[in-house]
Amino acid sequence: MIKHLPFYFRISLLLVFFFSALNCLAVPVKSQFADSTKTDLPWYKKLSVIGEYQYFKTCHHSRFDGGYAFVDYNATANFAMGLGIGYDYSTLHIDNGYNLRHVKVLPVLADFRYVPFSDWIVCPFAVADIGYSTFIKYEQEDPTHVESTRNVTDRGLYTFGGGGLLVKLSHKVTIYTSAGFTGMHMSFSNLDVNPRGLSNQIGVKVNLQ
């Protein structure tokens with residue numbers, strides 16, 4: 001799938017993996033880069049905001065581009081959870097024998113993130129999102145033109161699970177890249193339109209402390 005990524009996206013992935021190699025030689029993060037999550041902080045100083053771009057290639061070989069925003073609560077130095085909203089768009093998604101044009105997806109999500117080594121400057125992490133696609137809108141076109149084109153609105157379960165690497169620029173700002181599996185309308189029915197497949201993300205996290 002990597003060969004399908006835009007050039008700038010591949011470069012960003014290579015840079016992050018390069019910096020991760022330096023972590024083997026680096027000592028734990030100094031105090032100025034220490035994690036902002038401390039037990040004596042009030043709850044509102046444990047909040048962070050996250051902005052994210054998602055590149056999503058489905059198993060039907062269609063492409064979605066999306067933007068996501070989260071507000072997370074850093075419950076511990078290693079674990080954060082929060083809520084978010086996203087928007088994904090594809091000009092064409094082929095499913096169930098139809099051409100689905102101008103596909104728009106608006107999910108509302110619960111976000112969970114685990115960082116095993118919170119005192120490292122460069123660190124792996126795991127992330128899981130579960131939520132609800134409040135709408136999946138598209139124009140359903142019959143490629144044989146026997147049926148007329150019609151507007152359709154679906155909704156359903158949205159999931160994402162994956163992992164990635166983060167780089168702490170300061171005690172407030174962290175950048176990251178991740179990859180995993182995305183399903184926009186998880187269902188047991190093979191007749192449901194469910195864009196699903198591997199996705200990649202680039203994002204920035206800002207602690208509000």
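Nothing here was measured: the structure is a model prediction, and the numbers come from that model.
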Checking Tyr55 against Gln201 for the side-chain contact (heavy atoms from CB on, under 4.5 Å) test, could you report, in this order, the C-alpha distance in whole Å, the side-chain angles of both residues, the deciding distance, and whether it holds? CA-CA 6 Å; Tyr55 175 89; Gln201 297 79 24; over 6 Å; no
Between Arg196 and His60, does a side-chain contact (heavy atoms from CB on, under 4.5 Å) hold up when you go through it step by step? CA-CA 8 Å; Arg196 62 194 183 279; His60 296 90; 4.0 Å; yes
Phe125 and Tyr176: ring pair (Phe, Tyr, Trp, His ring centres under 6.0 Å), yes or no, with the steps? CA-CA 9 Å; Phe125 71 97; Tyr176 67 87; 5.6 Å; yes
Are Lys104 and Ile136 close enough, and set up right, to give a side-chain contact (heavy atoms from CB on, under 4.5 Å), and what steps lead you there? CA-CA 6 Å; Lys104 308 175 187 71; Ile136 306 171; over 6 Å; no
Show the numbers, then the answer: is there a side-chain contact (heavy atoms from CB on, under 4.5 Å) between Thr153 and Phe135? CA-CA 6 Å; Thr153 299; Phe135 68 68; 4.1 Å; yes
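Between Glu147 and Tyr98, the side chains place a donor N or O and an acceptor N or O closer than 3.5 Å (distance only, hydrogens not considered). Asp88 and Gln54 are linked by a side-chain donor-acceptor pair at a separation below 3.5 angstrom, with hydrogens and angles left out of the test. Looking at Asn74 and Lys45, their side chains never bring a donor and an acceptor atom within 3.5 Å of each other. Donor-acceptor pairing under 3.5 Å is recorded for the side chains of Tyr138 and Asp154. Remark: the Glu139 side chain and the Thr149 side chain contain no N/O donor-acceptor pair separated by less than 3.5 Å.
By the rule that hydrophobic residues join a cluster once side-chain heavy atoms approach within less than 4.5 Å of another member, Ile175 and Val49 end up as members of one cluster. Neither Leu106 nor Tyr68 shares a network with the other; the hydrophobic side chains, linked directly or stepwise wherever heavy atoms of I, L, V, M, F, W or Y lie under 4.5 Å apart, form separate groups for each. Hydrophobic clustering (side-chain heavy atoms under 4.5 Å, transitive across Ile, Leu, Val, Met, Phe, Trp, Tyr) keeps Leu109 apart from Tyr114. In the hydrophobic clustering of this structure, Val204 groups with Val71; members are Ile, Leu, Val, Met, Phe, Trp, Tyr whose side-chain heavy atoms approach within less than 4.5 Å, directly or through other members. At a threshold of 4.5 Å between side-chain heavy atoms, the hydrophobic network of Ile, Leu, Val, Met, Phe, Trp and Tyr places Ile121 and Leu169 in one connected group.
Ring centroids of Phe181 and Phe160 are separated by 6.0 Å or more, keeping the two rings apart.
A cation-pi arrangement, defined by a distance under 6.0 Å to the six-membered ring centre and an angle within 45 degrees of its axis, is present between Arg113 and Phe70.
At a threshold of 4.5 Å between non-hydrogen side-chain atoms, the residues Phe64 and Lys57 do not count as touching. Between Leu92 and Leu100, the closest side-chain pair of non-hydrogen atoms is not below 4.5 Å. Side-chain contact between Val193 and His93 is present, with heavy atoms from C-beta onward closer than 4.5 Å. Within the 4.5 Å cutoff, side-chain heavy atoms of Leu157 are placed close to those of Ile130. The shortest side-chain heavy-atom distance between Val167 and Thr174 does not fall under the 4.5 Å cut-off. Proximity of Ser90 to Pro195: side-chain heavy atoms (C-beta onward) are nowhere separated by under 4.5 Å.
Contact detail for Met186 and Asn194: the closest heavy-atom pair is SD-ND2, 3.6 Å. The two residues Ser133 and Val105 come nearest to each other via the heavy atoms OG-CG1, 3.7 Å.
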